[in-house]
S.K.: 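Before anything else, here's the structure in question.
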Amino acid sequence: MVPAGGSRWRAAGHTPGAVRTHILRGLPDDGAPVHRPGGLLRHLLHDVPPAPSGASAAERPAPARPSSRLAALRACEGGHVQATLFRPAGEETLCRRCPTPPPPRAGPLDSGTVAHRLKEQG
């Protein structure tokens, strides 16, 4: 979805992907907090650059890589209704809100459990 300021960009011939790339390039990369995201977005979309021409693939700039703040995030593998991103401290795959997975339990047909029950019965 392109923000309202992006409609002028679309009218100038820019694709939604180009608008998104421009916004991502303008985000602070040093971990600075954004206190007014709407104001930042308005500032980033204020000036509409000329529409891209049919430049060849060699002349096009490389796609923007996500900021270091976004690159450090990981999607939680827990049972969330909506995708949840979190900043892992190590190799964990679950966010803090997810309960840790329970240790594997021995099922009723585990050989040790069956042998123990047979000894009790006989």
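Below, each value reflects all heavy atoms present in this structure, side chains not excepted, and no hydrogens, waters or symmetry copies. Along the sequence shown, residues carry numbers from 1.
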S.K.: How far apart are the closest heavy atoms of Pro88 and Ala72, and which atoms are they?
M.R.: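 Closest pair (atom of Pro88, atom of Ala72, distance): CD-O, 3.5 Å.
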S.K.: How would you list, by chain and number, every residue that makes a side chain to side chain contact (heavy atoms under 4.5 Å, CB included) with Leu40, sequence neighbours excluded?
M.R.: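 Applying side chain to side chain contact (heavy atoms under 4.5 Å, CB included) to Leu40 gives Leu27, Pro28, Val34, Leu44.
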S.K.: With rounding to the nearest 0.5 Å, note down the distance linking OG1 in Thr15 to CZ in Arg20.
M.R.: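 It comes to 11.0 Å.
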S.K.: Give a yes or no on this: more than 12 heavy atoms of other residues, nucleotides or ligands lie within 6.0 Å of atom NE2 of His80.
M.R.: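 Atom NE2 in His80 is crowded, with more than 12 foreign heavy atoms closer than 6.0 Å.
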S.K.: Could you pull out every donor-acceptor pair under 3.5 Å between side chains of residues 89-96 and any protein atom, sequence neighbours left out?
M.R.:
{"residue": "Glu92", "atom": "OE1", "partner": "Gly90", "partner atom": "N", "Å": "3.0"}
{"residue": "Glu92", "atom": "OE2", "partner": "Ala89", "partner atom": "N", "Å": "2.6"}

